Amino acid sequence: MKRILVVEDDRTTQHLIGSILKSAGYAVTAVNDGPAALVELKSQPFDLVLTDIWMPQMNGIDLLAELRKIPHSPRAVVLTSDTTPETLLRAIREQAYQFLTKPVQGKELLELVESTLEAPGEIPPIEVISAKPDWVELLVPCEMSTAERLQGFIARLDTDLSDEVRGAVGQVFREMLLNAIEWGGQLDPNRKVRIAYLRARRMVLYRIADPGPGFKFEDLTHAAVAYSPEDRLQYVDARLEKGLRPGGFGILMAQAMVDELIYNEVHNEVVFVKYLD
Amino acid sequence: LRNLRVLVVDDNATNRRILEETVKAWHMKPVLVEGGEQALAALERAAKGGRPFALALIDGQMPGMDGLTLARRIKASPRLASVPLIMLTSAGALPAGRKDPDLAATLTKPAKHSALLAAMVAAMGANGRAAASRSPRRQPARSLRILLAEDDAVNQTLAMRLLEKRGHKVTVASSGRQVLDKLRAGQFDLVLMDVQMPDIDGLQAAREIRRREKKAGGRIPIVALTAYAMKGDRQRCLEAGMDGYVAKPIRAAELFEAIGHASPAPPPGADIVDERSLLARLNGDRSLLGELIALFQADAPKMLDAVSQAITAKDAPALQVAAHKLKGSVANFSSRGAFEAALRMEDMARRRELETAPAAAAALEKEIGRLRRALKDLERRLV
């Protein structure tokens with residue numbers, strides 16, 4: 001039975017989370033604050049820590065920092081409500097594994113806990129190079145579960161944008177990130193993709209640089225963009241032959257959804273921009 | 001939009017694939033056909049099978065039957081007319097700005113994904129979230145127990161699907177006699193009644209319901225469903241004691257509007273906590289909801305005390321923490337008024353502006369009081 005430590009000072013929320021996890025078959029220990037959490041962590045092993053940010057005595061970020069000092073410490077999921085980008089970035093720097101928005105939805109909680117517990121064990125961490133809300137820069141291992149987590153992070157930085165802009169930017173980011181991890185990084189967790197997110201008053205800009213040698217459009221037999229519109233069905237066969245994930249419209253889709261999409265000469269770096277007005 | 005069925009009609013295989021990928025990315029279920037005749041067949045099959053399409057995306061320029069002709073044929077069929085249609089055309093193919101009454105939207109190819117998504121959400125009208133939030137009147141604050149009297153299987157399924165998607169509980173009757181029996185046996189908030197039914201028809205049934213109510217008391221709202229589109233019918237329905245009128249084929253927007261107008265006033269507190277969404281968040285666990293209410297009732301006074309103490313002490317950081325905590329606790333009950341009152345207090349404290357804090361505290365206390373009374377009522381309904 002997987003053991004989960006819940007750190008939350010509001011009794012109602014603590015009971016809600018605890019009950020839902022227990023009824024899904026997890027062993028739950030709940031405490032009210034950081035110091036109590038550290039006592040529990042020293043007395044028994046846990047598979048996962050779920051922690052609030054705002055708590056008396058020691059806040060969630062400080063708890064994350066303490067947690068990192070413990071050898072083989074469990075992954076931590078951070079509960080957020082109206083968390084500022086600064087706090088989010090500090091949590092990422094302190095190796096928060098994932099975020100869960102409050103008020104907690106039962107189904108979402110269980111899905112997140114399950115995916116966190118199931119993710120492969122030895123993944124190198126995400127390195128935070130810059131944690132300014134208007135300039136975030138990260139080094140990310142080329143691994144699938146990390147890509148999923150990263151989308152959760154980025155989505156929470158853009159909360160003041162309209163749903164339409166966020167949806168478009170989020171989809172393009174996902175496509176470009178997966179291309180970088182899958183093609184540039186060959187899914188090797190020891191290789192890194194470098195991601196920059198810049199936020200200015202009238203635009204959002206992303207740069208994704210992968211560790212691969214780049215590509216030529218004419219060699220992209222797996223991607224729809226390499227074909228003239230009449231011939232694009234060939235791409236389907238090309239992908240099936242290679243046993244690739246469904247899709248392959250990534251670059252095409254991205255071109256239609258953002259205002260600028262620019263590759264460098266060798267095509268291992270891409271920048272895309274969405275104007276805000 | 002999740003799991004909605006979308007029909008994609010395009011003669012070009014690549015475009016079909018692109019639309020398929022796009023629609024799938026939004027978690028909808030695309031069905032692909034390559035021409036007008038196949039589209040009509042697919043729509044008919046779906047309607048007969050009780051799984052009508054939520055939307056059709058139609059290419060404007062197709063060999064054989066073109067997009068507009070297909071749209072006319074769909075709208076001419078009573079069974080299919082309720083499916084919203086979006087047409088994708090090449091630039092310049094349709095005069096700019098022209099609104100075709102048969103089309104929910106016209107987009108120029110290649111359509112931006114955001115524009116396509118926005119058009120799809122808008123087209124699905126009353127089914128879509130966007131439309132529901134534009135017209136709060138159509139959005140019930142709670143789930144109604146609806147007795148649906150309709151003998152035609154297709155209309156029955158369509159109405160049931162629309163109603164259940166709105167969170168209503170539906171019981172079906174297929175004759176006037178069944179309506180009267182089921183009303184006697186069970187509790188309902190509203191009757192949705194076809195006028196033409198075997199044995200006792202809808203008008204007779206309505207008169208009988210009103211006659212019984214004269215003796216027993218109460219008055220259940222009755223909304224007529226009728227295939228006639230004559231003015232006199234509306235009058236006949238109202239004279240029989242019905243409260244509203246929806247013409248067939250059923251369109252979601254009209255149906256919900258009529259239900260909204262006819263439905264009874266919600267019980268006190270229903271506008272403060274939404275029982276349905278609350279239980280959904282807790283995976284349907286009623287006893288857990290009861291426990292959470294008990295904990296909140298016990299802790300709320302302490303949390304309010306912390307707020308007023310911080311205000312008395314003019315301690316903005318402490319006020320910020322206290323308001324934040326109360327807000328987090330209240331958020332568990334999806335209660336908007338109380339949540340926003342706590343949020344305003346927290347913002348005030350964050351900006352270190354405490355001049356109006358006492359007034360905000362009074363408002364907050366009032367909202368928390370309303371929430372606690374609503375939760376008390378809800379708790380009684382849970383047992």
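Bear in mind the structure is a predicted one, so any value in this text is a computation, not a measurement. Residue numbering restarts at 1 for every chain, and letters A, B, ... go by the order of the sequence lines.
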Rounded to the nearest 0.5 angstrom, the CG-CZ distance for Leu276(A) and Arg199(A) is 5.5 Å
Of all heavy-atom pairs linking Ala76(A) and Leu64(A), the shortest is CB-CD2, 3.4 Å
If one checks every heavy atom of Asn332(B) against chain A at 4.5 Å, the contacting part turns out to be both
Nearest heavy-atom approach of Arg372(B) to Ala300(B) is CD-CB, 4.0 Å
Okay, Leu110(A) and chain B: the region with an atom under 4.5 Å from a heavy atom over there is side chain
Applying a strict 4.5 Å limit to non-hydrogen atoms, the region of Phe339(B) in contact with chain A is neither
Residue pairs meeting salt bridge (Lys or Arg N to Asp or Glu O under 4.0 Å), one or both in residues 51-60 of chain A, sequence neighbours left out, come to Asp52(A)-Lys102(A)
Scanning both residues in full, the closest heavy-atom pair of Leu19(B) with Val8(B) reads CD1-CG1, 3.7 Å
Note: Ile18(B) and Thr22(B) closest approach over all heavy atoms is O-OG1, 2.6 Å
**Asked** Can you find a side-chain donor-acceptor pair between Arg149(A) and Thr116(A) that sits under 3.5 Å?
**Response** no
Whatever's closer than 4.5 Å to a heavy atom in chain B on Val104(A) counts as backbone
- prompt: Where do Arg370(B) and Glu367(B) land on the salt bridge (charged side-chain N to carboxylate O under 4.0 Å, His left out) test, with the steps shown first?
  reply: CA-CA 5 Å; Arg370(B) 288 180 64 201; Glu367(B) 287 292 347; 3.6 Å; yes
For Tyr206(A), the ring pair (Phe, Tyr, Trp, His ring centres under 6.0 Å) test, sequence neighbours excluded, returns Phe173(A), Tyr197(A), Phe272(A)
Applying a strict 4.5 Å limit to non-hydrogen atoms, the region of Glu108(A) in contact with chain B is neither
By residue number, those in residues 315-322 of chain B with heavy atoms under 4.5 Å from heavy atoms of chain A are Gln320(B), Val321(B)
Here the pair of heavy atoms bringing Ala168(A) nearest to Lys274(A) is CB-NZ, 4.5 Å
| task | May I ask you to decide whether Asp299(B) forms a salt bridge with Arg11(A), counting only side-chain N to carboxylate O separations under 4.0 Å? | result | yes
Residues 19-34 of chain A vs chain B, non-hydrogen distance cutoff under 4.5 Å, contacting residues -> Ser19(A), Ile20(A)
Correct closest heavy-atom pair for Val77(A) and Phe99(A) would be CG1-C, 4.4 Å
